[in-house]
K.L.:
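Sharing a structure with you now.
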Amino acid sequence: MYVVAEFVLLGFHAQRATQNFLFSLILIVYVITLLGNGAIVCAVKSDRRLHTPMYILLGNFAFLEIWYVSSTVPNMLVNMLSKTKTISFSGCFLQFYFFFSLGTTECCFLSVMAYDRYLAICRPLHYPSIMTRKFCVILVCVCWVSGFLYYPVPIILISKLPFCGPNIIDHIVCDPGPLFALSCVPVPSTELICYTFTSLIIFGPFLSILASYTLVLKAVLRIPSGAGRTKAFSTCGSHLMVVSLFYGTLMVVYVSPTSGNSAGVQKVVTLVYSALTPLLNPFIYSLRNKDMKNALKKVLGLSTSQN
């Protein structure tokens, strides 16, 4: 029996002119993403005023985004230039592992960052004693470790499936849905296990974020002054925008009724949450945060000698 040794990752199949345009656009997005998130990492590391839990979490999040976008976009760019568009069996599952592990880590970080904002707004007097530097480092380590330990089971299960052809994946990344479709035999139990893992990591942190911001909203609405409410909302507005972008697109792919139907929609939405969201994050966080803007100016050599 023929056993698949490589897959054909179709990506965005279009005319050469369109392919060239998409290649240039995605390459520009990738470079700006690396520079933007890299600047945030450098700003947090170099400015002592940013050595606080909120910015330590933000610095780690920016570092994560660099690796998250790098787990798919370089291969996507190579694929656009390739005539065969092939990816090896091991390469496909390696991409699968890093893409989903880094995505899991991102869900964990978004949840922890929401918890940090809850403590800062709802329990400001206890915040310094609860969110200590040591506790913050522990939370960061838990996010990274849990992210990379969560997905080996589903990936091993899928890699053990019998793939005997065809080997064409109509997607831009190696994703469980198309891989299940290529299996020679139906495997409902494996599908159930994998989708349960995916649902838990999507909805677990999401419900945690929802709970944190529900409590934040209640606390903010009790603040008597309008200026106080505005300041409280501004401290978590950036994070809410990032959560909305990431989870909105993620749920279109893995939760919505169209997730199993339109390959074109899946490709576009996957590109949004895997490449466009990491691009926008540095702008969202820096434009709405005075301390971060000042630190970035120093990193980029744009600050005046006022201090």
K.L.:
Over 60° means perpendicular and under 30° means parallel, so tell me whether F100 and F96 are parallel, tilted or perpendicular.
P.N.:
perpendicular

K.L.:
Do F135 and L50 land in one hydrophobic cluster if side-chain heavy atoms of ILVMFWY residues count as linked below 4.5 Å?
P.N.:
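Shared cluster, yes.
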
K.L.:
To the nearest 0.5 angstrom, please state how far the SG atom of C107 sits from the CD1 atom of I209.
P.N.:
7.5 Å

K.L.:
Looking at every heavy atom in both I172 and G11, which two are closest together, and how far apart are they?
P.N.:
CG2-CA, 3.8 Å

K.L.:
Specify the closest pair of heavy atoms between F148 and Y97, including all atoms of both residues, with the distance to one decimal.
P.N.:
O-OH, 2.7 Å

K.L.:
Is there a path from L57 to I130 through hydrophobic residues (I, L, V, M, F, W, Y) whose side chains come within less than 4.5 Å of each other?
P.N.:
yes

K.L.:
Could you go step by step and tell me if M292 and V44 meet the side-chain contact (heavy atoms from CB on, under 4.5 Å) rule?
P.N.:
CA-CA 8 Å; M292 181 56 70; V44 172; 3.9 Å; yes

K.L.:
Set out, in order, the CA-CA distance, both residues' side-chain angles and the distance that settles side-chain contact (heavy atoms from CB on, under 4.5 Å) for M251 and I202, then state yes or no.
P.N.:
CA-CA 8 Å; M251 288 185 177; I202 290 176; 4.1 Å; yes

K.L.:
With a sphere of 6.0 Å drawn around NZ of K85, does it hold more than 12 non-hydrogen atoms of other residues, nucleotides or ligands?
P.N.:
yes

K.L.:
If you compare all heavy atoms of Y68 against all heavy atoms of E106, which two are closest, and at what distance to 0.1 Å?
P.N.:
CD2-OE1, 3.6 Å

K.L.:
Mind checking whether L10 and I168 have side chains closer than 4.5 Å, heavy atoms only?
P.N.:
yes

K.L.:
Strictly distance-based, threshold 3.5 Å: is any side-chain N or O of N167 a donor or acceptor partner for the main-chain N or O of V4?
P.N.:
no

K.L.:
Would a 4.5 Å heavy-atom cut-off, applied to side chains only, mark L27 and L77 as touching?
P.N.:
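Yes, side chains in contact.
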
K.L.:
Does F206 reach the side chain of L250, with side-chain heavy atoms less than 4.5 Å apart?
P.N.:
no

K.L.:
T249 side chain to T270 main-chain N or O, any donor-acceptor pair under 3.5 Å?
P.N.:
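Between the backbone of T270 and the side chain of T249 there is no qualifying donor-acceptor contact (under 3.5 Å).
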
K.L.:
Between W144 and F63, is any pair of side-chain heavy atoms under 4.5 Å apart?
P.N.:
yes

K.L.:
Assess whether side-chain contact (heavy atoms from CB on, under 4.5 Å) is satisfied between T86 and F7, documenting all intermediate values.
P.N.:
CA-CA 6 Å; T86 57; F7 295 102; over 6 Å; no

K.L.:
Quick check: do Y127 and I121 have side-chain heavy atoms less than 4.5 Å from each other?
P.N.:
no

K.L.:
Over 60° means perpendicular and under 30° means parallel, so classify the ring planes of F89 and F163, tilted if in between.
P.N.:
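Aromatic pair F163/F89 classed perpendicular.
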
K.L.:
Mind checking the CG-OG1 spacing from L280 to T33? Nearest 0.5 Å is all I need.
P.N.:
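So the CG of L280 and the OG1 of T33 are separated by 8.0 Å.
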
K.L.:
Nearest 0.5 Å, what's the CG-CD1 distance between L35 and I40?
P.N.:
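Between atom CG of L35 and atom CD1 of I40 there are 12.0 Å.
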
K.L.:
Under 30°, 30 to 60°, or over 60°: which ring-plane class applies to Y151 and F197, parallel, tilted or perpendicular?
P.N.:
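Answer is tilted, since the angle falls between 30° and 60°.
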
K.L.:
Looking at every heavy atom in both H171 and P178, which two are closest together, and how far apart are they?
P.N.:
CD2-CG, 3.9 Å

K.L.:
For residues V69 and A275, report the shortest heavy-atom separation together with the two atoms involved.
P.N.:
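Smallest heavy-atom distance, with atoms named: CG2-CA, 4.0 Å.
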
K.L.:
Would you say Y30 and S70 make side-chain contact, with heavy atoms under 4.5 Å?
P.N.:
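Contact flag for Y30/S70 side chains = yes.
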
K.L.:
Could you tell me the separation between the CG atom of L279 and the CD atom of E65, rounded to the nearest 0.5 Å?
P.N.:
10.0 Å

K.L.:
Before giving the answer on side-chain contact (heavy atoms from CB on, under 4.5 Å), spell out for H239 and Y213 the whole-Å C-alpha distance, their side-chain angles and the decisive distance to 0.1 Å.
P.N.:
CA-CA 10 Å; H239 185 249; Y213 278 111; 2.7 Å; yes

K.L.:
Quick one: do V153 and L161 end up in the same hydrophobic cluster if we chain Ile, Leu, Val, Met, Phe, Trp and Tyr together by side-chain heavy atoms under 4.5 Å apart?
P.N.:
yes

K.L.:
So do V173 and S274 actually touch side chain to side chain, heavy atoms under 4.5 Å?
P.N.:
no

K.L.:
Hydrophobic clustering (ILVMFWY, side-chain heavy atoms < 4.5 Å, transitive) - are F283 and M54 grouped together?
P.N.:
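Yes, it is one cluster - the side chains of M54 and F283 are joined through contacts under 4.5 Å.
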
K.L.:
Between F246 and Y273, what is the ring plane arrangement, given parallel below 30°, perpendicular above 60°, and tilted in between?
P.N.:
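Geometry flag for Y273 against F246: perpendicular rings.
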
K.L.:
Quick one: closest heavy-atom pair of W67 and L102, and the distance?
P.N.:
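Distance-wise, the nearest heavy atoms are O-CD1, 3.4 Å.
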
K.L.:
At what distance, to the nearest 0.5 angstrom, does OG of S71 lie from CD1 of I66?
P.N.:
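Here the interatomic distance stands at 12.5 Å.
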
K.L.:
Determine, for cysteines C108 and C143, whether their SG atoms are under 2.5 angstrom apart.
P.N.:
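The answer is no, since C143 and C108 keep their SG atoms 2.5 Å or more apart.
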
K.L.:
Grouping I, L, V, M, F, W and Y whenever their side-chain heavy atoms are under 4.5 Å apart, do I169 and V78 come out in a common cluster?
P.N.:
no

K.L.:
Any side-chain heavy atom of R133 sitting closer than 4.5 Å to one from H51?
P.N.:
yes

K.L.:
Hey, could you give me the CE/OH distance between M131 and Y115, rounded to the nearest 0.5 Å?
P.N.:
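Here the rounded value is 6.0 Å.
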
K.L.:
By the definition side-chain contact (heavy atoms from CB on, under 4.5 Å), identify the one residue from T198, I193, L192 that meets it with T196.
P.N.:
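The passing option is L192.
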
